[in-house]
Amino acid sequence: MSQMNMIQAINSALDATMEKDPTVIILGEDVGYFGGVFRCTDGLQAKYGEHRVIDAPIAEGGIIGSAIGIGVNGLRPVAEIQFADYIYPGLDQIISELARLRYRSAGEFFSPVTIRTPCGGGIRGGQTHSQSPEALFTHLSGIKTVMPSSPYDAKGLLISAIESDDPVVFFEPKRIYNGPFDGDSNKPAVPWSTHPGGEVPDSYYSIPLGEAAIVQAGDELSIITYGTMVHVAQAAVRTMGVNAEIIDLRSLVPLDIETLKRSVNKTGRCLIAHEASKFCGFGAELAATVQEECFWHLEAPIERVAGWDTPYPHAFEWEYFPGQERVMAGIRNVMEAA
Amino acid sequence: MSQMNMIQAINSALDATMEKDPTVIILGEDVGYFGGVFRCTDGLQAKYGEHRVIDAPIAEGGIIGSAIGIGVNGLRPVAEIQFADYIYPGLDQIISELARLRYRSAGEFFSPVTIRTPCGGGIRGGQTHSQSPEALFTHLSGIKTVMPSSPYDAKGLLISAIESDDPVVFFEPKRIYNGPFDGDSNKPAVPWSTHPGGEVPDSYYSIPLGEAAIVQAGDELSIITYGTMVHVAQAAVRTMGVNAEIIDLRSLVPLDIETLKRSVNKTGRCLIAHEASKFCGFGAELAATVQEECFWHLEAPIERVAGWDTPYPHAFEWEYFPGQERVMAGIRNVMEAA
Amino acid sequence: MASKSRLHIPRPSARPGEVPDFSYLALSEPGAVARPACDTPASKIEHLAHEMVRVLDDDGVAQGEWQPGLSPEQLQDALRLMLLTRQFDDRMHRMQRQGKISFYMQSLGEEAISIGQGMALKSGDMLFPSYRNQGLFIQRGTQLVDLMSQCLSNTRDMCKGRQMPVMYHNKAGNLFSISGNLATQYPHAVGWAMASAIKGEDHIAAAWVGDGSTSEADFHYALTFAAVYHAPVILNVINNQWAISTFQGIAGGERRAFAARGLGLGIPGIRVDGNDLLAVHAVTQWAAQRAREGDGPTLIEHVTYRGGPHSTSDDPSRYRPKDEWQAFPLGDPVKRLKQHLINIGHWSDEQHAALDAEQKEIVIAAWKEAISFGTMTDGPRLDVAEMFDDVYVETPPSLIRQRQQLLALKGVKS
Amino acid sequence: MASKSRLHIPRPSARPGEVPDFSYLALSEPGAVARPACDTPASKIEHLAHEMVRVLDDDGVAQGEWQPGLSPEQLQDALRLMLLTRQFDDRMHRMQRQGKISFYMQSLGEEAISIGQGMALKSGDMLFPSYRNQGLFIQRGTQLVDLMSQCLSNTRDMCKGRQMPVMYHNKAGNLFSISGNLATQYPHAVGWAMASAIKGEDHIAAAWVGDGSTSEADFHYALTFAAVYHAPVILNVINNQWAISTFQGIAGGERRAFAARGLGLGIPGIRVDGNDLLAVHAVTQWAAQRAREGDGPTLIEHVTYRGGPHSTSDDPSRYRPKDEWQAFPLGDPVKRLKQHLINIGHWSDEQHAALDAEQKEIVIAAWKEAISFGTMTDGPRLDVAEMFDDVYVETPPSLIRQRQQLLALKGVKS
Ligand SMILES: Cc1ncc(C[n+]2csc(CCOP(=O)(O)OP(=O)(O)O)c2C)c(N)n1
Ligand SMILES: Cc1ncc(C[n+]2csc(CCOP(=O)(O)OP(=O)(O)O)c2C)c(N)n1
Ligand SMILES: [Mg+2]
Ligand SMILES: [Mg+2]
C-alpha cells in the first residue's frame with residue numbers, strides 16, 4: 001500500500017499490466033521518452049523499452065486507427081490522447097471501426113484498445129483543454145466509458161479496462177490528478193495523501209467495470225455523479241448537512257442501473273451532477289432512466305447540475321464549473337420541491 | 001405550388017437561395033455534374049456553373065474544413081455529406097472549429113456553413129447507411145440541428161438554415177425522401193403527392209428554426225418526435241384511436257421547449273420517439289427536460305421508443321426500426337401506467 | 001460572381017456523348033522500366049512512381065525485367081480465378097437486379113489486381129481489402145457459398161446479417177472485415193504490420209483503397225505511421241479512374257500519379273499496369289520482399305478502369321461515356337492474360353470457353369446452395385435474438401432487456 | 001517480445017547529457033540554389049524541396065539569386081520587429097512565471113519567419129497563424145496592449161476571455177482566430193483561398209503549422225484541396241525540430257524533408273533557412289507571386305529551431321540537450337540579420353542595443369497599459385453575463401435562462 005496521486009496510480013496500473021502481460025503496449029503523443037505531458041507514463045519506456053512505449057506522430061486518428069490494427073494482431077494497445085479536447089480527429093475510427101468491429105464481424109474480429117485521456121476543467125486550460133466529451137461516447141454501442149474519481153479507483157478500473165476485450169474510453173479528470181478538489185478554487189490544494197482514495201496497493205488489483213460505488217449512504221436524496229464532481233458533491237452535502245446518498249458511477253457504460261434504482265426508490269429525490277455541458281450531456285440519460293425506473297417514488301423533479309451550454313471560457317472557468325454553490329442550489333431545489 | 005417529394009423540395013430550396021444570393025455555393029462528393037447520389041443537387045451545376053456547385057474530394061473533414069474557410073471569406077457554403085454515417089471524419093472541424101469560431105473570436109469571425117446529410121434507416125443500407133447521429137451534434141454548443149419530416153418543411157427549413165449566420169447541421173431522413181413512410185415496410189410505398197406536406201410553393205419561403213409543429217392536436221398524451229418517426233407515430237395513433245398530440249420538433253437545437261411544456265402540462269403523459277439508439281439519444285434530453293418542466297403534471301413515466309442500442313443491422317432492419325408496433329406498445333405503457 | 005472565378009475545377013477528359021480520351025494516362029512501354037534490387041533506397045527509385053511497370057505487351061508477349069516467372073500452370077490458375085471472380089460478380093449483380101440481394105458491387109475489369117496480388121503474398125500475410133477486392137477472398141479459397149450467404153444475410157452469413165452485401169471477412173483466411181467507411185482499413189493494416197514487427201514475426205500486411213479514397217484522413221495517417229515506423233506493409237491504391245461520378249482528378253490525380261503520394265515521406269511508390277496480371281504479381285512480390293526484409297512500406301498504384309457501375313445503385317451513363325472502358329488503353333485483364341497464355345502455347349479459345357463455362361457452373365451451384373440457407377424473402381432466417389450479441393463480449397443487462405422487449409413484442413404478434 | 005522487435009523507432013540525434021548533433025540537417029551553401037521563374041511548373045522544381053534556399057552566409061553576406069532586394073530601411077524595420085517580438089515574448093513568458101497570466105508560448109528563435117513572411121505579403125492577404133506566429137500580429141501592427149490583454153483575459157481582451165493566452169485574432173488585420181487544435185486552420189486557409197479565386201479577387205491566403213502538426217488529417221485535407229483546385233495559398237511548415245518532446249523524425253521527417261510532402265500532389269515544395277530573414281522573405285514573395293498569378297499553392301518548409309520550451313508548461317531539459325540551440329547550425333535569426341546590416345554598413349552594435357532597449361520600453365509601457373484593463377487577480381473584470389453571448393447570433397432562451405441562473409446565484413452570494 002502506498003500513497004499515490006492519480007497520476008501515480010495510473011502509472012502503477014500501466015506498470016502492473018505491462019509487467020503481467022507482455023502484449024500490453026502504449027502509444028501516444030509524448031508518452032515515450034518524456035513520459036507524457038502529465039507524466040502518466042513516466043519511466044515506463046525506460047523499463048519496458050521503446051518498442052512497448054511508443055512515441056506517436058501528432059495524429060489522434062492515426063493513433064487510434066493503428067492501435068486498432070495492433071489490437072487485431074494480438075497485442076493490447078493502450079492509446080493516450082493528450083487531452084480529451086483532441087480526441088475528435090479520432091472519432092471516426094472510434095465510432096465506425098473500434099466500436100463496431102466485433103459486431104460487424106459477428107465476433108470474429110475485435111480490438112481490445114483502451115483509450116486514456118485527461119478531461120475536465122479547472123486548470124485554466126480554456127476551451128481546448130477543459131472539455132468533458134463523455135456523452136459523445138456513451139451514445140455509441142460497443143464502447144465502454146469509464147471515469148474514476150480517486151487514485152484507488154483509477155488504478156483498479158484502468159487495469160480492468162486494459163484487460164477487457166471490449167474497447168474502453170477511459171477519462172481521467174485532470175483536475176483531481178493531484179488531489180481531491182472539492183470545487184473551491186480559493187482554498188489551497190489538498191493532496192491525495194489526505195484522502196482514503198489515495199491509498200493504493202502497489203500490486204495488481206482490479207475493479208470491475210459497470211459497478212457504481214456508493215460514496216456515502218443517505219436517505220434524503222440521491223446524488224448521481226462521477227469524476228471531479230464526486231468531491232464537489234461531497235463538500236456541498238457536508239456544508240448543507242443534508243443526508244444524501246452519493247453515487248459515483250465510475251463506469252458510465254455499462255451503467256449500473258440497479259444501484260441508481262435502489263437509491264432513488266429509497267430517497268425519492270435525485271440530483272445529477274456533471275461538469276460537461278447540460279444539454280444532451282450524460283445527465284440527460286441519467287435523468288431519463290431514473291424517471292423511467294423510479295417514477296412512482298419520485299417526490300420532486302430530477303435536477304441536473306452541469307456545465308453551461310457554452311464552450312468552457314478561460315476567464316470564467318469558475319463561473320462555468322458547476323461548483324459547490326450550484327450543487328447546493330440544486331439540492332435545495334430538489335429538497336424543497338413539493 | 002407544386003407537388004414535390006423531399007428531394008425536389010431540397011433541390012428547390014437550394015435553387016431558390018442560389019438564385020437569390022450569389023454567395024451561396026455547394027460543395028460535396030458527387031454533387032456537381034452528377035447531381036448527388038440522391039439527386040438533391042440535380043441540375044444545379046448546369047444552372048449555376050461548376051464554380052458554385054463543386055465536386056469535392058472524398059474527404060468529409062476537408063469538405064467541412066474548407067467550407068469553414070469559404071464561409072469566413074464571405075461566401076455561404078452548403079456542404080453535402082453523402083451519408084450521415086460518413087460525417088465522423090468531419091467531426092473535429094465541426095466541434096472544434098465550426099461550432100466555436102464565433103464564440104472564441106467574440107463574434108468577430110464566423111462561418112455560416114450549412115451541412116446537409118441524409119440520415120436514418122429503412123433503405124437496406126446496413127450499419128453504414130442508416131445511422132441517425134443527431135445526438136452527437138445536439139450536445140455541442142454553437143451548432144443548430146434540424147430534421148424535417150415533409151417536403152414543405154424541408155424547403156422552408158433548409159432556406160432558413162442556409163440564411164442563418166449560425167452553422168446548421170441539416171439531417172434529411174432519407175427513408176421519406178420519396179414518400180411519407182409510416183413504418184410498415186410491407187405496404188406499398190406512398191408518394192408525397194398523397195400527403196399535404198408534399199404541396200410545396202415553387203418560390204422562396206422560409207420556416208424559422210426553433211419552432212416545433214403540432215402535427216395533430218390531442219389531449220390524452222403528447223408524442224414528441226421528428227423526422228420519419230412523425231409519420232410512424234401518426235399511423236400508430238390512428239390505429240389505436242388514441243387522442244394524442246403529436247409534436248414534430250423540426251429543430252432539435254434550438255429546442256422549442258415552450259411547445260413541449262404546454263402540451264405535456266395539458267396531457268400529463270409523454271412519449272418520445274426517435275430512430276437513433278436510445279441510450280444517450282436525443283430522447284434522453286427530451287425526457288430529462290420534460291420531467292424538469294412538467295413534473296407536477298406527469299401522470300406516468302415518460303416513455304422512450306427508439307432504436308436499440310446496437311448498430312443498425314442489415315438483416316434486421318425492421319426489427320431495429322422503431323415501427324408502429326413499438327410505438328403502440330409505448331403508448332400503451334404511457335396510457336396504462338397508474 | 002462565378003463568371004470571373006479563377007478557381008481551377010478539374011474536368012474529366014470526356015463526358016456522356018463525348019469521345020473517350022485517355023491521352024492523360026502516362027504509359028510506359030511494356031518491359032521498358034528496369035527492376036531495381038529489392039533493397040534499393042526509396043530516394044533512388046522515385047521514378048517508379050511516375051513510370052508504369054508493364055510486362056504484357058499488346059500482343060500478349062511478356063517483356064522485360066519485371067517478368068514474375070510464373071509457370072504456365074500458375075498462369076492458368078490465375079486465369080481461372082479471374083474468370084471465377086467475373087462469373088461470381090456477374091451472377092451477384094444480376095441477383096441484385098432480380099431483388100434477391102439488396103446491393104452489390106462488381107470488380108469488373110479489376111480482377112488482375114486481387115488475383116495477382118493474392119498469389120504473390122503468403123497465407124500468413126494479413127489482408128485489409130476494400131469492397132472491390134472480392135478476388136482476394138476467392139484467391140484465398142473462401143467458399144463462394146460463404147460470400148453469397150453474406151450477400152444474402154442468410155443463416156450462413158459470416159456477419160450474422162449485420163453488414164450490407166460485399167462487406168465480407170474471413171478470419172481463418174487472414175482477410176480483415178470490410179468496412180463501409182472508405183479508407184479506415186489503411187491505418188489498421190499499418191498497425192497490424194507494426195505489431196508483426198514488434199512481435200518479430202515476418203508476416204506483412206497489405207491494404208487497398210480506391211483513387212477517390214486517397215483524400216481521406218486515414219490514407220494520410222497510414223502513410224505517416226508506415227513511414228515513421230518503417231512498417232512492413234504494402235499500401236495499394238486502385239486507380240480505376242472513377243470514384244462514383246467523380247474522375248480521378250477530383251482526388252488530386254491531375255498533376256501527379258497516386259503512386260507518388262508517399263514520396264515526400266520516403267515511401268517508395270510504384271505505378272503498375274493493373275490490368276496486367278504479370279506486372280501486378282511482380283511488383284507485389286518486389287514490395288513484399290522489401291517489407292519482409294525490413295525495407296519498409298511500399299505504395300503501389302494499380303492503373304485500371306472500373307468496368308461496371310460503381311454499385312447496383314449507380315448509373316454511370318449519367319456521367320461518363322458509355323464506351324469509355326472499350327477505349328481504355330490497358331484493355332481487359334482477362335483477355336490479356338488469355339492472349340498471353342495462348343501466345344506461349346498453353347491455352348486455346350476452346351479451353352478458355354470451357355474453363356469459363358465451368359466457372360459459371362460453379363457459381364450457379366454455389367448460388368443454389370447459398371439460397372438454401374435463406375434469402376431476403378424466403379427460407380430460413382437468422383434468429384433475431386442474435387441481433388443483440390457481439391456488441392460487447394458479454395451482453396450487458398440493458399441489451400438483454402431490449403432483447404426481451406423485442407421478443408415479447410414479436411410474441412404478442414404471433 | 002520486445003527484444004526481437006524489428007519495428008523502427010525514430011530517435012533524435014541527442015538526448016539530455018549528450019552532445020547536440022545536427023549532421024542530419026541537409027544544408028545547401030548560401031546562394032547555391034538557383035531561383036526559378038515564378039511560373040515554372042511544379043514538376044520542374046522538385047529539387048527545391050530537398051535543397052535549402054539560403055541568402056545570408058555565416059559572415060552575414062547576402063548571396064545568390066534569392067536576394068529579396070530589401071532596402072536597408074526595410075531590413076532595419078524587420079530587425080526592429082524581430083526584437084520587438086522577442087522582447088514581447090520575453091516579458092510575457094516572465095509574466096506567466098510570476099502568475100500574471102495562466103500560460104504562454106514564445107517564438108524564440110523563429111522570429112524571422114513571421115516577420116519576413118508578414119513583410120512579403122499584402123495587407124489584403126488573409127493569414128491563418130499557429131500559436132507560434134505572434135510575429136505576424138506584430139508585423140501587421142496589432143497593438144501590443146491588445147495581444148497582452150488577450151493573454152490577460154481582461155476587459156480589453158479581443159476574445160472576451162474565452163480563449164487561453166496566445167489564441168489571438170485580428171479581424172481588421174486579416175489575421176484569423178488561432179485555435180488550440182493543431183492544424184485545423186490549414187483547410188480554412190485553403191477554403192478562404194478558394195473563395196478568393198471564386199470571387200475573382202487576387203488576395204491570397206497563407207497558413208502555418210509546425211513539423212509535428214503535419215501528421216494531422218487537416219494537413220492532408222488542405223494539401224489535397226489546394227492541389228485539386230489549384231488554390232492561391234501558401235502553406236507553411238515551421239520545422240523547429242521539436243513537437244513538445246518528440247523530434248521531427250516522429251512526424252516523418254527522417255527520410256524526406258517536409259517541403260516534399262505535397263510533391264506527390266503536384267504542389268511545389270521549397271525548403272528555406274528559416275533563420276535567414278532575407279531567404280524567408282524571398283521564397284514567400286516567390287510563392288505569393290505564384291499564387292496570385294494562378295500558379296497555385298506552394299508548400300514552404302522553414303528550417304529553424306525552437307529556442308525556448310514548448311510552452312510555460314514545458315521543461316525541455318527533460319528530453320533534449322540544454323545547449324542544443326547553441327549548436328544549431330542556422331544560428332539565431334536576430335544575430336544574423338544584425339550582422340548583415342552591420343556588414344552592409346547600415347547598423348552598429350550601439351544602434352542595436354538602443355533599438356533593443358527601445359523595444360523593451362515599448363513592451364513595458366504596453367504591459368502597464370494592459371494591466372490597467374485588469375489581470376487574472378486584480379482590476380476590472382469582464383462581465384460574466386457575456387459568457388453566454390456569441391454562442392449563436394441570437395442568444396437562445398435556454399442560454400438566457402442559464403445566464404439568469406448564474407446571475408441569480410451570484411446575486412445571492414454578494
Ligand atoms: C467515409 C466515406 N465517405 C463516403 C462514402 C461513400 N462512397 C462509397 S464508395 C465511394 C467512392 C469511392 O471511390 P474510390 O475510392 O475510387 O473506389 P472505387 O469505388 O472506385 O473502387 C464513395 C464516395 C463512404 N463509403 N465512406
Ligand atoms: C489536435 C491536437 N493534438 C494535440 C495537441 C497538443 N499539442 C499542442 S502543441 C503540440 C506540439 C506541436 O508541435 P509542432 O506542430 O511541431 O509545433 P511547435 O510547437 O513546434 O511550434 C501538441 C502535441 C493539440 N493542441 N491539438
Ligand atoms: Mg475509383
Ligand atoms: Mg515543431
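Values reported hereafter were calculated over all heavy atoms of this structure, with side chains retained and with hydrogens, waters and symmetry mates removed. Because the structure is predicted, anything quoted here is derived from the model rather than measured.
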Using non-hydrogen atoms and a 4.5 Å limit, figure out which bit of [X] sits close to chain B: side chain, backbone, both or neither.
X      : value
C/R381 : side chain
C/D157 : neither
C/A217 : neither
C/I250 : both
C/L182 : side chain
C/D383 : backbone
C/P316 : neither

CA sep, side-chain torsions, deciding dist, call: C/T246, B/E29, side chain to side chain contact (heavy atoms under 4.5 Å, CB included): CA-CA 8 Å; C/T246 58; B/E29 295 159 16; over 6 Å; no
Within the 6.0 Å centroid threshold, strictly below: B/F34 and C/Y319: yes
Check against side chain to side chain contact (heavy atoms under 4.5 Å, CB included), B/E60 and C/E216: CA-CA 8 Å; B/E60 292 75 14; C/E216 291 285 8; 2.6 Å; yes
Side chain, backbone, both or neither of B/F83 within contact of chain C (heavy atoms, under 4.5 Å): neither
Contacting moiety of B/I54, where chain C heavy atoms sit under 4.5 Å: side chain
Residues of residues 387-398 of chain C with any heavy atom under 4.5 Å of a heavy atom in chain B: C/M387, C/F388, C/V391
Chain C interface, residue from B/P311, B/G126, B/A329, B/A59 that has the most non-hydrogen pairs under 4.5 Å: B/A59
Donor-acceptor contacts under 3.5 Å from residues 63-70 of chain B side chains, at least two apart:
unit_1	atom_1	unit_2	atom_2	d
B/S66	OG	B/G62	O	2.7
B/S66	OG	B/I63	O	3.4

B/E50/C/R15 under salt bridge (Lys or Arg N to Asp or Glu O under 4.0 Å): CA gap, chis, key distance, verdict: CA-CA 14 Å; B/E50 56 190 353; C/R15 285 293 194 187; over 6 Å; no
